[in-house]
Amino acid sequence: MCALPEARPDPYRRKIGPKTLGSARDTAAGEDGGVVVERRRVLGTGLCAAVLWTGGTTSALAGGRGQHLAEGDLPTARRLFAAGRYDQLHQVLPGMVARASESERTGPVGAARAAGVWVLVSQLAVKEGEMDTAAAFAVRAGTAARRSGRPVLLAAAARAAATPLRRTGRADTALQLLGEAHDALDTAPRPSPAVLDASGMVALTAAYTAAQAQMPSAAEQFASLAEQTAACLLRDRRVPAGGELSPAQCVLYRIGIHQKLGDVDRALAYAAGLKPAVLPTPERRARAATDTARALLAADDMPNAFLQLQLVERAAPQEARRPSVRALTAEVAARRPDLPGVTAFARRTALRPAT
């Protein structure tokens, strides 16, 4: 029978005292960089920020729809994200953000739906390199998740917050938030499949966070915990509908973890063992190719790095146009401008398609 680990690794508790996702708001966008996200600004101007960032208008907000989120709104938007169709997602987000702001005030069900929207906006902002926006909406997600009373949503919010935190040098805070999310999940003697899925994904996020902070022992502990949970779910045939955790997901994270730790050979060994077809969405397949390209760049293998970047575009064309992926393409083109097709690829992926 699957169960959460009785004890979590010490690095979850590293360096800082107790904080919640909401009380960590002052560091969510990185105090070290001089950017402080204040709760009043986040909650008071979040809708305006989303409208401006997504290119929305007041007419888009009206949209002829009800003032609250419908049950199918978030799943539809998540499918766009999973397909890597970010331009279409931008078109629907302003109205969703407006409805989520209203729904959040109606009670636990509305807060749960709103939390999912805030997580999605944060994830999309990360895709586009907008760390301040990602941090702001991760804070909103944590607030809504607590109102909903659903630990699985708090785990998703903590994972969303971890990305801008670790990218601004606050891996300690990110690990603390992830640890608190894990603790909130660890309350039932026999956790549901959804709780186990969330726990495993929290561990994978913690592993990647620890790797980026050059904490190899912690990264290994967290990755192993996730792998054990994924294997347990698979063995018990309790994989939840819409779940993210799987053995293939763990291998995908391993590529990035070992690349961040500088163990390129191990990263490429995991990449060689991963069949992209087993990953469930175009976004995940593009992520696998992106992380493999990074490892190949570190190994000075420009031709195969370029091949992986072409696989990114094949899986999800808009992934190849993200700022971080364009930077990889630019590096390949600068180091090996003689590679057939690399210049045309760099030009093509530098342009956003018309919508």
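Keep in mind that what you see is a predicted model, and the values were worked out from it rather than measured.
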Check this for me: does any side-chain nitrogen of one of Glu319 and Arg287 sit under 4.0 Å from a carboxylate oxygen of the other? no
Step-by-step side-chain contact (heavy atoms from CB on, under 4.5 Å) determination, Leu175 to Met215: CA-CA 12 Å; Leu175 289 171; Met215 300 163 57; 3.8 Å; yes
Just wondering, are more than 12 heavy atoms of other shown residues or ligands nearer than 6.0 Å to CZ in Arg347? no
How many angstroms lie between OG1 in Thr209 and CZ in Arg159, if you round to the nearest 0.5 Å? 10.0 Å
For Gln212 and Arg166, does a side-chain donor sit closer than 3.5 Å to a side-chain acceptor? yes
Inter-residue atom distance Arg85.CZ - Glu283.CD, 0.5 Å rounding: 14.0 Å
So, taking the atom named OG1 in Thr292 and the one named CG in Leu274, what distance separates them when rounded to the nearest 0.5 Å? 7.0 Å
Heavy-atom closest contact (Ala194 atom, Val152 atom, distance): O-CG2, 4.0 Å
Minimum heavy-atom distance between Ala181 and Leu154, given as atom pair plus value: CB-O, 4.2 Å
In terms of hydrophobic clusters joined by side-chain contacts under 4.5 Å, are Val278 and Ile255 together? yes
Is it possible for you to say whether Leu307 and Val342 belong to one hydrophobic cluster, with membership spreading through side-chain heavy-atom contacts below 4.5 Å? no
Please examine the side chains of Arg294 and Ser324, heavy atoms only from C-beta on, and report whether any two atoms are closer than 4.5 Å. yes
Beyond-backbone contact of Gln249 with Leu252, side-chain heavy atoms, under 4.5 angstrom: yes
Looking at CG of Leu234 and OG1 of Thr229, how far apart are the two atoms once the value is rounded to the nearest 0.5 Å? 12.5 Å
Between Tyr253 and Met201, is any pair of side-chain heavy atoms under 4.5 Å apart? yes
So Arg335 and Leu297, do their side chains get closer than 4.5 Å, heavy atoms only? yes
Quick one: closest heavy-atom pair of Pro282 and Ala82, and the distance? CD-O, 3.3 Å
Do Val312 and Leu328 land in one hydrophobic cluster if side-chain heavy atoms of ILVMFWY residues count as linked below 4.5 Å? yes
So Leu74 and Leu69, side-chain contact (heavy atoms from CB on, under 4.5 Å) or not? Walk me through it. CA-CA 8 Å; Leu74 183 58; Leu69 288 168; over 6 Å; no
Heavy-atom side-chain proximity of Arg146 to Leu153 below 4.5 angstrom: no
Show your reasoning for whether side-chain contact (heavy atoms from CB on, under 4.5 Å) applies to His90 and Leu124. CA-CA 9 Å; His90 266 289; Leu124 183 60; 3.9 Å; yes
Please verify the inter-ring angle class for Phe345 with Phe306; under 30° counts as parallel, over 60° as perpendicular, anything in between as tilted. perpendicular
Heavy-atom closest pair, residues Leu185 and Ala155: CD1-CB, 4.0 Å
Report yes or no: do Ser103 and Arg113 form a side-chain donor-acceptor pair below 3.5 Å? no
Looking at every non-hydrogen atom in both residues, tell me the closest pair between Leu178 and Ala162 and how far apart they are. CD1-CB, 4.1 Å
Side chain of Gln214, backbone of Lys260: donor and acceptor closer than 3.5 Å? yes
Are the side chain of Gln259 and the backbone of Asp291 linked by a donor-acceptor contact shorter than 3.5 Å? no
side-chain hydrogen bond (donor to acceptor under 3.5 Å, both in side chains) between Thr76 and Arg79, intermediate numbers included: CA-CA 5 Å; Thr76 298; Arg79 284 193 290 271; 3.3 Å; yes
Between Pro337 and Thr343, which heavy-atom pair has the shortest distance, and what is it? O-OG1, 4.3 Å
State whether the side chain of Thr143 and the backbone N or O of Val139 hold a donor-acceptor pair below 3.5 Å, judged by distance alone. yes
Looking at Glu244, is its backbone amide N or carbonyl O close enough to the side chain of Asp197 to form a donor-acceptor pair, meaning the two atoms are under 3.5 Å apart? yes
Glu128 and Tyr86: side-chain hydrogen bond (donor to acceptor under 3.5 Å, both in side chains), yes or no, with the steps? CA-CA 10 Å; Glu128 301 193 353; Tyr86 306 130; over 6 Å; no
Greater than 12 external heavy atoms within 6.0 Å of Arg314's CZ: no
Do Ser224 and Gln228 have side-chain atoms, one donor and one acceptor, less than 3.5 Å apart? no
Side chains of Arg150 and Ser148: is there a donor and an acceptor less than 3.5 Å apart? no
Walk me through whether Glu313 and Arg285 qualify under salt bridge (charged side-chain N to carboxylate O under 4.0 Å, His left out). CA-CA 10 Å; Glu313 186 184 39; Arg285 293 191 284 275; over 6 Å; no
Criterion side-chain hydrogen bond (donor to acceptor under 3.5 Å, both in side chains) on Thr349 and Arg321, from CA distance to verdict: CA-CA 5 Å; Thr349 56; Arg321 296 175 172 86; over 6 Å; no
So does Val195 get a backbone contact from the side chain of Ser199, meaning a donor-acceptor N/O pair under 3.5 Å? no
Considering only heavy atoms from C-beta outward, does the side chain of Trp118 approach that of Val97 to under 4.5 Å? yes
Do Arg254 and His258 pass the side-chain contact (heavy atoms from CB on, under 4.5 Å) test, and can you show the C-alpha distance, the side-chain angles, and the key distance before you say yes or no? CA-CA 6 Å; Arg254 283 281 193 178; His258 295 296; 3.2 Å; yes
Examine Val92 and Phe137 and state if one hydrophobic cluster contains both, with Ile, Leu, Val, Met, Phe, Trp and Tyr joined whenever side-chain heavy atoms are less than 4.5 Å apart. yes
Just by distance, do the side chain of Asn304 and the backbone of Asp301 share a donor-acceptor pair under 3.5 Å? no
Begin with the C-alpha distance, continue with both residues' side-chain angles, and end with the deciding distance and a verdict on side-chain hydrogen bond (donor to acceptor under 3.5 Å, both in side chains) for Thr168 and Arg170. CA-CA 6 Å; Thr168 52; Arg170 298 306 304 269; over 6 Å; no
Measuring only between side-chain heavy atoms, which start at C-beta, is Gln123 closer than 4.5 Å to Arg78? yes
With sequence neighbours left out, write down each residue that passes side-chain contact (heavy atoms from CB on, under 4.5 Å) with Asp338, or none if nothing qualifies. Arg336
How long is the gap from OG1 on Thr329 to CG on Leu309, to the nearest 0.5 Å? 4.5 Å
So, does Ser122 use its side chain to make a donor-acceptor pair with the main chain of Ala134 at under 3.5 Å? yes
Is there a side-chain contact between Lys127 and Leu89 in this structure, where contact means two heavy atoms from C-beta onward sitting under 4.5 Å apart? no
Could you give the distance from CZ (Arg190) to CG (Leu196), rounded to the nearest 0.5 Å? 9.0 Å
If Ile, Leu, Val, Met, Phe, Trp and Tyr residues are connected whenever their side-chain heavy atoms lie under 4.5 Å apart, and connections chain through other members, are Leu93 and Phe81 in the same group? yes
